[in-house]
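Letters A, B, ... mirror the listed sequences (proteins, then strands); counts begin at 1.
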Amino acid sequence: MIALLDAPFEPAEALKRFEADAVGAGAIVSFSGHVRPQAASGPVTSLYLQAHSPLTERGIEAAADTARERWPLTSLAILHRTGKMAPGEAIVFVATASAHRRAAFEAADYLMDYLKTEAVFWKKETGPRGEAWIEPRGEDYADRRRWG
Amino acid sequence: MIALLDAPFEPAEALKRFEADAVGAGAIVSFSGHVRPQAASGPVTSLYLQAHSPLTERGIEAAADTARERWPLTSLAILHRTGKMAPGEAIVFVATASAHRRAAFEAADYLMDYLKTEAVFWKKETGPRGEAWIEPRGEDYADRRRWG
Amino acid sequence: MAAFLYFGRLMDVAGGHREARTLPASVRDTMSLRAWLDEVHAAPGVFSDPAVRFAINDEIVADAGELADTDEIAVMPPVGGG
Amino acid sequence: MAAFLYFGRLMDVAGGHREARTLPASVRDTMSLRAWLDEVHAAPGVFSDPAVRFAINDEIVADAGELADTDEIAVMPPVGGG
């Protein structure tokens, strides 16, 4: 279950579908990232995400393949929004399932580091002070380097 | 939202309630642990978990307090089953919310390590070969020691 | 009389979850309790195992924790849920 | 004519997401493309910045990747979603 979505989705519903897929797993980890009403720069009224298909999908598939090679996952899901989002809306959902929890935690963490730093998306915040394109934080690159 | 439950629950529904609680967070991590149909010892037909109230609840509350001190969490939930469970049923649900993902991931991981090694529960597996009480694996203790 | 609560595999050793027993005068802390439980349950070494812990009136105690004959004594093998 | 696709903040620099331009004969790889884009968009240093990357016909290329005047050229600032 890997998809780019241009309309709002519910992480809890995505988890419900994922659980059906992951029957038999001992450990399921989910991550959802949401538009925050406050950014470093001030209040945020909307977030816009631009992708470049099919590069974006191809990159995410490759990261998923790496995660599957690196950890004994029984299921994996990645949903990622594009387009304009309001505060609170889900931007990204990652779920991993495995027999034991360590693999599920590490693979979800790895996939999020990929999505934050290497996935082919461009992000624009809009607030009372206007619009600004946001590029990854130094912290995001540092997280990504943990995986070698 | 910290509770011991003696009847089945749905992690996806727990996540839905948690999201309502965590509005404004940028990152939400959930973990659910499920009864596996296969254990090291062979097939599992049921799992039984025994708690000792109020020691069990008090220990979980203390671990939650430690997590809240250690990471900037905006919300936290822990649900844990007791009693007899069938394969596939959720044993435990942990959810954490924070502004950024690192805190949410680490706190969920920390809480699960606590629940696996120090939480006051005793676990019995039943299968075709009979019943066996299961104590934590060496791997679980090693995970727990990562947090110092 | 002290109230004993046995948990996990120790329920099997003790033959049940709950029992009431009069503590002999010589058993007034958890160290002497261990040896005495090994004896009354004919289970040498089982309760002397330091991995077995006690909670006295809902407080986990380290050896050698004091005991009275009116206490509730939880007898607990290594814990771990999830 | 080459088809240019600009992404992120580079849409603002280029004045739009998509445009068609004839590549001069001197621009046949991504290194010479960088200097030329700085010039045509009157944006010194913006496209020469090594953080800007190119995808030619949906394949990300490193410098100096070859170009033809019939290519689709995606011009991409640093990426990162979530």
Notebook entry, point to check: Any residues in residues 66-77 of chain C near chain B, with a heavy-atom distance under 4.5 Å, and which are they?
Noted result: C:Glu72, C:Ala74, C:Met76, C:Pro77
Notebook entry, point to check: Under 6.0 Å from the CE atom of B:Met1, do we count more than 12 heavy atoms belonging to anything else shown?
Noted result: yes
Do any side-chain atoms of residues 7-24 of chain B form donor-acceptor pairs under 3.5 angstrom with protein atoms, and if so which ones, sequence neighbours left out?
none

Margin query: For a quick test of reading the model, state the closest non-hydrogen atom pair linking C:Val79 to B:Glu118 and the distance between them.
Written below: CG2-O, 3.4 Å
Next item on the list: Would you please classify the geometry between the C:Phe7 ring and the B:Trp122 ring as parallel, tilted or perpendicular, with 30° and 60° separating the classes?
Entry: parallel
Next item on the list: Heavy-atom distances under 4.5 Å only: say whether B:Arg58 touches chain C with side chain, backbone, both or neither.
Entry: side chain
Item checked: Where at least one partner belongs to residues 9-30 of chain C, residue pairs that pass salt bridge (Lys or Arg N to Asp or Glu O under 4.0 Å), sequence neighbours excluded -> B:Glu135-C:Arg9, C:Glu19-C:Arg21
Next item on the list: Write down the atom of B:Ser53, the atom of C:Asp58, and the distance for their closest heavy-atom approach.
Entry: O-OD1, 4.3 Å
Next item on the list: Tell me, for B:Ala51 versus chain C, whether the close heavy atoms (under 4.5 Å) come from the side chain, the backbone, both or neither.
Entry: backbone
Next item on the list: Identify the two heavy atoms, one from B:Leu55 and one from C:Ile60, that lie closest to each other, and give their separation to 0.1 Å.
Entry: CD2-CG1, 3.6 Å
Next item on the list: Mind jotting down which residue pairs meet the ring pair (Phe, Tyr, Trp, His ring centres under 6.0 Å) criterion with at least one end in residues 46-80 of chain C? Sequence neighbours excluded, please.
Entry: C:His41-C:Phe47
